[in-house]
Amino acid sequence: PQGEILESNVTIGHNWCQDAGIYEFTMGATGDKVKGRYSFVYVFEDGEWKISHHHSSVMPEAILGPSPKPESSTPEPVPEPTPVEEEETVLA
């Protein structure tokens, strides 16, 4: 796969830095694209930068698919009441 960083947020500290963002991999065999979140923490140790932490995960949207459309807020029509025939009362 070949990766491309789409969004990168870098924080720099004393002898450390962090890079967190979103990247996209293109799969060589199929050309499919997969987006993922990532984070790296680097430390400056023994005169060189070293990776002390790395995490990647697939974006949940890629697994779940698009969110469902909300149901219409228009209420279902209420059926008209059926008329009831009244009985005729005869007083004697």
Side-chain angles (χ1 to χ4, degrees):
Q2 183 173 348
E4 177 185 359
I5 294 175
L6 303 178
E7 182 180 318
S8 173
N9 301 294
V10 176
T11 304
I12 301 172
H14 180 69
N15 289 336
W16 67 272
C17 69
Q18 173 185 298
D19 181 12
I22 298 172
Y23 47 27
E24 181 176 66
F25 286 102
T26 303
M27 303 302 156
T30 62
D32 290 346
K33 293 181 180 288
V34 178
K35 286 185 183 177
R37 294 185 177 109
Y38 73 89
S39 62
F40 285 92
V41 176
Y42 304 92
V43 294
F44 193 71
E45 191 176 275
D46 300 325
E48 60 185 7
W49 287 100
K50 299 178 181 181
I51 298 171
S52 69
H53 168 80
H54 169 248
H55 175 78
S56 290
S57 59
V58 175
M59 297 288 274
E61 296 82 1
I63 296 170
L64 300 175
S67 58
K69 293 182 180 179
E71 292 186 28
S72 172
S73 61
T74 306
E76 291 287 323
V78 177
E80 292 290 324
T82 306
V84 178
E85 291 186 23
E86 293 184 26
E87 293 183 17
E88 187 176 311
T89 307
V90 178
L91 298 174

Note to self: Main chain of Gln18, side chain of Thr11: is a donor-acceptor contact present, judged purely on distance under 3.5 Å?
What the structure shows: no
Checklist line | Shared hydrophobic cluster, Ile5 / Ile51 (ILVMFWY, side-chain heavy atoms < 4.5 Å) | finding: yes
Next item on the list: Mind checking the CZ-CD1 spacing from Arg37 to Ile22? Nearest 0.5 Å is all I need.
Entry: 6.5 Å
Item checked: Lys35 side, atom NZ; Met59 side, atom CE - distance, nearest 0.5 Å -> 7.0 Å
Notebook entry, point to check: Where do Ile12 and Cys17 come nearest, in terms of heavy atoms and distance?
Noted result: CA-CB, 4.1 Å
Checklist line | Asn9 and Glu7: CA distance, side-chain angles, deciding distance, side chain to side chain contact (heavy atoms under 4.5 Å, CB included) verdict | finding: CA-CA 7 Å; Asn9 301 294; Glu7 182 180 318; 3.5 Å; yes
Checklist line | Val34 reachable from Tyr23 in the ILVMFWY side-chain graph, under 4.5 Å edges | finding: yes
Notebook entry, point to check: Are Phe25 and Val58 co-members of a hydrophobic cluster defined by side-chain heavy atoms under 4.5 Å apart?
Noted result: yes
Next item on the list: Identify whether Tyr38 and Met27 are in the same connected component of the hydrophobic contact network (ILVMFWY, side-chain heavy atoms under 4.5 Å).
Entry: yes
Check: With a 6.0 Å cut-off on ring centres, are Tyr42 and Phe44 close enough?
Finding: no
